[in-house]
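All chains are named by letter (A, B, ...) in the order of the sequence lines, taking the proteins before the strands, and each is independently numbered beginning at 1.
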Amino acid sequence: MNAFDLGKFETEAQEQWLHAFESNPSKLEKCYLNVAYPYPSGAMHVGHGRTYIVPDVIARFWRMRGKQVLYPMAFHVTGAPVIGISKRITKKDPKTIHLYRDLYRVPQNVLDEFTDPLTIVHHFASEYQRVMTACGISIDWRRRFTTVDPCYSKFIEWQWKHLYEAGHVIKGVHPVRYCTVDDNPVGDHDLLEGDKAEVIRFTLVMFQYGDAQIPTATLRPETIHGVTNLWVNPSVTYVKALVDGNAWIISKEAAEKLELQDHTIEIKEEIAGRDLIDKRVVHPLCGEVPILPADFVDPDMATGLVMSVPAHAPFDFVALRDLQNAGKYTVIKPVPLIKVEGYGDIPAQDAIERAGIIHQMDSRMDAITQEVYSAEFSKGKLFDRYGGKPVRIARDDVAALMIEKYGSEVMYEFDTRPVICRCGNRVKVKILHDQWFLKYSDPVWKQQVSDHLLNMALVPPEVRLEFERTIDWLKDWACTRRVGLGTRFPWDTTQLIEPLSDSTIYMAYYTIAHKIREIDAKLLTPEVFDYIFLGKMSSELPEKKKLDVMRKEFLYWYPYNYRFSAKDLISNHLTFQLFHHVTIFPKDKLPLGMVVFGMGLLNGAKMSSSKGNVFLLEDAVHDFGADTVRMFLMGSAEPWQDFDWRNELVISTKKQIERFFNTVNEFKDADGEPHDIDRWLLSRLQSHIGSTTEALANFQTRQALQEAYFGIETDLKWYRRRLPSTIDGSRELHTLCSVWIRLLAPFIPFTAEHLWKEVAGEGLVSFSPWPVEDKTLVNTRIELAEELLARTVEDIESIKKLIKITPKSITISLAPVWKHDIFRIIATSSDRNSVIRNIMKDEIMRKRGKEATDAIKQCTTLIHRLPPSVVEPLSREPINEAAVFEAARGFLEKEFGVPVHITNADSSEHPKAATALPFKPAIIIE
RNA sequence: GCGAGGGUAGCCAAGCCAGGUCAAAGGCGCUAGGUUGAGGGCCUAGUCUCGUAGGAGUUCUUGGGUUCGAAUCCCAUCCCUCGCACCA
């Protein structure tokens with residue numbers, strides 16, 4: 001009749017919860033929680049589950065504690081990924097089809113529609129809502145929106161108007177990875193290869209060659225003084241091209257690249273590499289040098305020609321040495337210019353010879369180059385005749401000088417290659433114009449954020465440092481994009497506001513999301529939002545009454561209390577939103593706190609949709625039940641720790657819920673008279689209530705479950721053991737059930753809701769009052785008595801185990817009064833050294849001699865071993881041990897199946913009796 | 001490489017900030033016994049080593065140090081996770 005059936009509990013509760021969590025301003029104190037909204041491009045897995053269940057548990061907790069709780073949800077559909085996905089589905093890319101059809105189980109007819117990117121996000125947004133609901137997440141769904149809703153775009157425009165007016169939006173140029181086939185910048189997820197590649201800024205050193213110039217790209221312009229020659233690949237065909245009207249000799253590849261980097265290119269003629277060999281070039285800072293052949297020169301690296309500094313560049317040194325070993329160019333000597341500790345005059349030579357490098361192709365060349373470069377960069381100094389500056393300073397100085405006086409230009413190139421787009425094309429660096437930035441580098445802005453961070457609650461506290469570092473480190477952020485979904489950038493409507501920049505203050509939008517829909521988006525001018533969010537009046541506000549309602553909502557809910565998000569967003573989103581808030585909202589509307597989550601693992605490995613290592617949340621709910629999923633996710637680790645989903649562990653979580661269910665069913669109708677053990681149970685219950693409450697107030701879901709579930713379960717086991725077999729449970733068990741259900745309700749709301757109906761009769765447990773610790777029910781003496789009994793039982797068991805005889809009787813021999821005196825004196829004394837002397841001053845003690853000093857030592861050890869919760873009350877007043885054991889004699893005899901005698905140690909003949917201590921009676925088994 | 005966090009018994013994980021209450025909570029797994037009596041049930045005990053009396057010994061990545069005393073503090077070392085930007 002009342003079977004454990006999670007599926008049934010879920011169905012029952014869902015009906016009653018349908019609109020239960022819709023939350024409106026009220027007289028109650030508010031609690032506004034929100035979590036980073038999802039980008040719905042795929043199905044939810046158990047990792048997502050935790051992200052939304054943690055805030056839900058906290059929301060349910062505060063709701064029961066009588067707060068007006070708001071937990072809203074929306075969908076972030078801004079950005080480019082779904083554009084790519086829809087393209088790949090259109091092209092019938094097998095990997096993508098497999099992912100969506102087989103892993104996410106999108107029905108074929110829906111999948112067919114995925115050629116439209118909006119369909120993808122809308123489909124999965126609905127899926128998210130469905131699965132979140134199935135998980136019992138108590139969201140106010142009336143406030144759901146997506147970031148491409150017209151009203152939301154109006155809101156974003158308003159936000160940006162304020163950012164702009166504050167001077168945080170600036171225009172600039174920016175080098176990006178660019179695919180010339182797609183004609184678009186490419187992000188990491190668009191890359192087939194080279195996603196680690198960084199764009200590096202090279203200086204082009206311009207050598208004069210007849211009427212043309214040869215640019216060589218370098219990261220170390222200061223080494224110009226040590227150039228002995230250039231390197232050219234003899235088997236490569238170079239071109240002479242007019243670059244911005246000047247004749248340059250460069251590789252063909254370089255010509256294409258430079259065209260993307262703000263240069264006009266007009267190719268005039270081809271020049272074979274070998275025709276350049278032995279020609280001479282000149283630069284004012286190094287004089288005239290020859291061009292030498294080198295096969296290692298890559299035409300696809302920067303300009304395709306390089307300058308050679310054999311004294312400081314191991315590659316150059318070896319290449320030159322190889323030529324000279326063949327008897328060529330023997331007059332060329334490396335020209336050193338940097339002094340660096342740990343190396344001789346020619347660092348490159350030292351490094352090469354130390355490593356015993358024979359030829360250019362040695363695999364260690366890169367490492368040696370790195371070693372020399374970083375040694376020179378960190379510790380090197382230019383020779384006095386070149387200015388004597390440290391390398392790290394001279395490098396930038398020389399580069400600036402060259403650009404100013406010697407015609408040098410900047411060229412961007414990747415540090416590693418190849419970099420290949422998903423379309424198969426080589427990615428190049430392009431300088432984007434009309435690129436807009438958010439000026440996160442602004443020290444004044446940074447300071448405002450840092451100042452506010454001091455007022456914020458951060459969970460766990462360790463993340464504070466990371467936030468501080470991030471604020472400090474943040475540079476200007478390119479905030480507009482050319483492709484994707486999103487809101488048009490107001491100052492250049494061909495561009496869109498970038499996804500991380502349109503999701504920073506939407507927590508404020510939640511407060512009005514369900515109301516603003518009633519107004520035509522066209523009417524939503526900045527003045528409207530100025531009124532709602534800032535209280536600024538304007539003459540012609542539309543729908544003033546509706547605006548007033550929204551103003552009230554905002555004032556009631558804002559600022560939010562806590563924002564939840566995974567820790568990988570600290571370095572961007574979570575910090576960005578602080579920047580935006582401090583600019584737009586007044587001080588009393590700034591965020592109050594943040595909770596940062598750890599990451600999720602599946603069977604020990606990182607969850608990843610693309611690798612197929614995911615467990616869908618829906619499947620988990622189906623296989624184990626929503627409560628099981630919730631309890632497992634909340635109990636296996638604290639929110640900020642990484643957690644690992646393992647099916648075997650989840651199964652045992654389900655058994656635990658079932659055990660709870662059975663126990664409640666067994667006890668809820670008990671109506672016996674209470675005994676001492678009931679008073680003990682209730683006393684213990686109070687501390688579980690207290691600890692659970694404290695843990696949840698600190699977001700410690702795991703700790704809370706330990707207290708609320710295992711703490712109470714362990715007590716009940718002892719209770720049952722202690723209960724005389726002739727007696728039924730007392731009516732206090734009904735109280736315990738009522739409390740227990742409520743303590744667990746945030747974690748396993750479905751089961752709790754079902755049981756609540758049986759225990760309380762009516763109302764939803766979700767809105768029932770959270771249990772409050774009743775200090776008047778706390779009975780330290782009874783708890784101590786049970787503690788003494790339990791410890792003694794344990795001791796008897798371990799002795800029985802050791803002596804391997806069949807006991808015929810057990811004698812418990814209690815410590816005499818004088819030992820209790822000693823115990824108390826030691827426990828209350830602060831100075832352990834003098835305490836022995838003080839005790840032994842006493843005449844009576846001294847008469848006891850060694851017996852007394854032994855007792856002192858033993859008591860000292862015992863006091864160290866006992867928890868303070870035991871020592872503290874004992875030191876105030878000993879308990880009547882004889883009464884405790886007399887009362888429990890029946891229990892002990894039942895436990896051990898032999899007669900149990902209780903004696904006083906000082907009247908016992910048995911030598912063991914002398915070992916009796918307070919709270920640790922001597923045990924004699926015969 | 002840089003920034004942040006972390007490494008605890010078979011596994012997960014508490015403890016570390018405020019050093020002695022730590023052989024180290026709790027859960028899982030495993031083993032034994034009991035109960036019911038057939039099998040994802042419940043209860044009890046055990047689960048580093050030794051021990052015929054509730055104890056002792058060696059442990060908390062590794063190596064040093066501070067201290068009467070360190071899982072806990074300091075230094076170094078190795079390993080792991082996250083972030084390093086135009087990407088949600």
Base partner of [N], which must satisfy Watson-Crick or wobble distances under 3.5 Å:
{"N": "B:rG29", "result": "B:rU47"}
{"N": "B:rA14", "result": "none"}
{"N": "B:rG19", "result": "none"}
{"N": "B:rA38", "result": "none"}
{"N": "B:rU58", "result": "none"}
{"N": "B:rU72", "result": "none"}
{"N": "B:rU77", "result": "none"}
{"N": "B:rG83", "result": "B:rC2"}

Pairwise [atom1] distance, [M] and [N] [rounded to whole Å]:
{"N": "B:rG10", "M": "B:rU47", "atom1": "P", "answer": "14 Å"}
{"N": "B:rG55", "M": "B:rA4", "atom1": "P", "answer": "45 Å"}
{"N": "B:rA76", "M": "B:rG26", "atom1": "C1'", "answer": "34 Å"}
{"N": "B:rU67", "M": "B:rC12", "atom1": "P", "answer": "36 Å"}
{"N": "B:rA32", "M": "B:rA14", "atom1": "C1'", "answer": "28 Å"}
{"N": "B:rU35", "M": "B:rC28", "atom1": "P", "answer": "23 Å"}
{"N": "B:rA88", "M": "B:rG83", "atom1": "P", "answer": "15 Å"}
{"N": "B:rG54", "M": "B:rG37", "atom1": "C1'", "answer": "35 Å"}

For a quick check of understanding: with a heavy-atom distance under 4.0 Å over all strands, which category does [X] fall into, base, sugar-phosphate or nothing?
{"X": "A:Thr915", "answer": "base"}
{"X": "A:Trp473", "answer": "base"}
{"X": "A:Ile796", "answer": "nothing"}
{"X": "A:Gln435", "answer": "nothing"}
{"X": "A:Leu500", "answer": "base"}
{"X": "A:Val77", "answer": "nothing"}
{"X": "A:Pro40", "answer": "nothing"}

Please output the side-chain donor-acceptor pairs of residues 787-794 of chain A that fall under 3.5 Å, not counting sequence neighbours, one pair per line with the distance.
residue  : atom : partner  : partner atom : Å
A:Glu787 : OE2  : A:Arg791 : NE           : 2.8
A:Glu787 : OE2  : A:Arg791 : NH2          : 3.4
A:Thr792 : OG1  : A:Leu788 : O            : 2.7

Measuring only between side-chain heavy atoms, which start at C-beta, is [X] closer than 4.5 Å to [Y]?
{"X": "A:Val173", "Y": "A:Gln435", "result": "no"}
{"X": "A:Leu574", "Y": "A:Leu578", "result": "no"}
{"X": "A:Tyr152", "Y": "A:Val148", "result": "no"}

Can you name the atoms? Protein N/O to nucleotides 3-14 of chain B N/O, anything below 3.5 Å, with the distance.
residue : atom : partner  : partner atom : Å
B:rG3   : O3'  : A:Arg469 : NE           : 3.4
B:rA4   : OP1  : A:Arg469 : NE           : 3.4
B:rA4   : OP1  : A:Arg469 : NH2          : 2.9
B:rA4   : O2'  : A:Glu466 : OE1          : 3.1
B:rA13  : O2'  : A:Arg702 : NE           : 3.2
B:rA13  : O2'  : A:Arg702 : NH2          : 2.5
B:rA14  : OP1  : A:Gln641 : OE1          : 3.0
B:rA14  : OP1  : A:Gln641 : NE2          : 2.1
B:rA14  : OP2  : A:Gln641 : NE2          : 3.3

Could you walk me through whether A:Tyr440 and A:Phe576 satisfy the ring pair (Phe, Tyr, Trp, His ring centres under 6.0 Å) test, starting with their C-alpha distance in whole Å, then the side-chain angles of each, then the deciding distance to 0.1 Å, before giving a yes or no? CA-CA 9 Å; A:Tyr440 292 135; A:Phe576 288 4; 4.6 Å; yes
Atom-pair distance ([atom1] on [X]; [atom2] on [N]), nearest Å:
{"X": "A:Lys912", "N": "B:rG55", "atom1": "NZ", "atom2": "P", "answer": "11 Å"}
{"X": "A:Ile923", "N": "B:rG55", "atom1": "CD1", "atom2": "C1'", "answer": "13 Å"}
{"X": "A:Phe896", "N": "B:rG54", "atom1": "CZ", "atom2": "P", "answer": "16 Å"}
{"X": "A:Phe919", "N": "B:rU21", "atom1": "CZ", "atom2": "C1'", "answer": "13 Å"}
{"X": "A:Met607", "N": "B:rU81", "atom1": "CE", "atom2": "P", "answer": "16 Å"}
{"X": "A:Asp568", "N": "B:rA88", "atom1": "CG", "atom2": "P", "answer": "14 Å"}
{"X": "A:His76", "N": "B:rC87", "atom1": "NE2", "atom2": "C1'", "answer": "11 Å"}
{"X": "A:Ile570", "N": "B:rU81", "atom1": "CD1", "atom2": "P", "answer": "18 Å"}

Output the single nucleotide from B:rC87, B:rG55, B:rG27 whose closest atom is nearest the side chain of A:Pro81.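 Comparing B:rC87, B:rG55, B:rG27 against the side chain of A:Pro81, the answer is B:rC87.
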Tell me which nucleotide among B:rC28, B:rA88, B:rA53 gets nearest to the side chain of A:Ile925.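 Within the option list, the nearest is B:rA53.
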Can you work out whether A:Leu569 or A:Ala922 has the more 5'-proximal nearest nucleotide on RNA chain B?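 In this pair, the answer is A:Ala922.
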Which sits closer to the 5' end of RNA chain B, A:Ile924 or A:Trp477, going by the nucleotide each is nearest to?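 Going by which nucleotide is closer to the 5' end, it is A:Ile924.
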Between A:Arg482 and A:Asp434, does any side-chain N to carboxylate O distance fall below 4.0 Å?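 Salt bridge flag = no for A:Asp434 with A:Arg482.
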Under 3.5 Å, is there a donor-acceptor pair linking the side chains of [X] and [Y]?
{"X": "A:Glu462", "Y": "A:Trp640", "answer": "no"}
{"X": "A:Trp645", "Y": "A:Asn647", "answer": "yes"}
{"X": "A:Thr147", "Y": "A:Thr78", "answer": "yes"}

Please report the interatomic distance NZ(A:Lys439) to CD1(A:Ile170), rounded to the nearest 0.5 Å.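 If I round to the nearest 0.5 Å, the distance is 5.5 Å.
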Reported CG-to-CZ distance for the pair A:Asn665 and A:Phe4, which is rounded to 0.5 angstrom: 10.5 Å
Would you say A:Glu713 has more than 12 foreign heavy atoms packed within less than 6.0 Å of its CD? yes
Assess whether one donor atom and one acceptor atom, taken from the side chain of A:Asn572 and the base of B:rA88, lie less than 3.5 Å apart. yes
Under 4.0 Å protein heavy-atom contact, by nucleotide of nucleotides 32-49 of chain B - B base, S sugar-phosphate only: --------B-SSSS----
Should A:His910 and A:Thr811 be marked as a side-chain contact (heavy atoms from CB on, under 4.5 Å) after you check the CA-CA gap, both sets of side-chain angles, and the distance that decides it? CA-CA 10 Å; A:His910 200 286; A:Thr811 305; over 6 Å; no
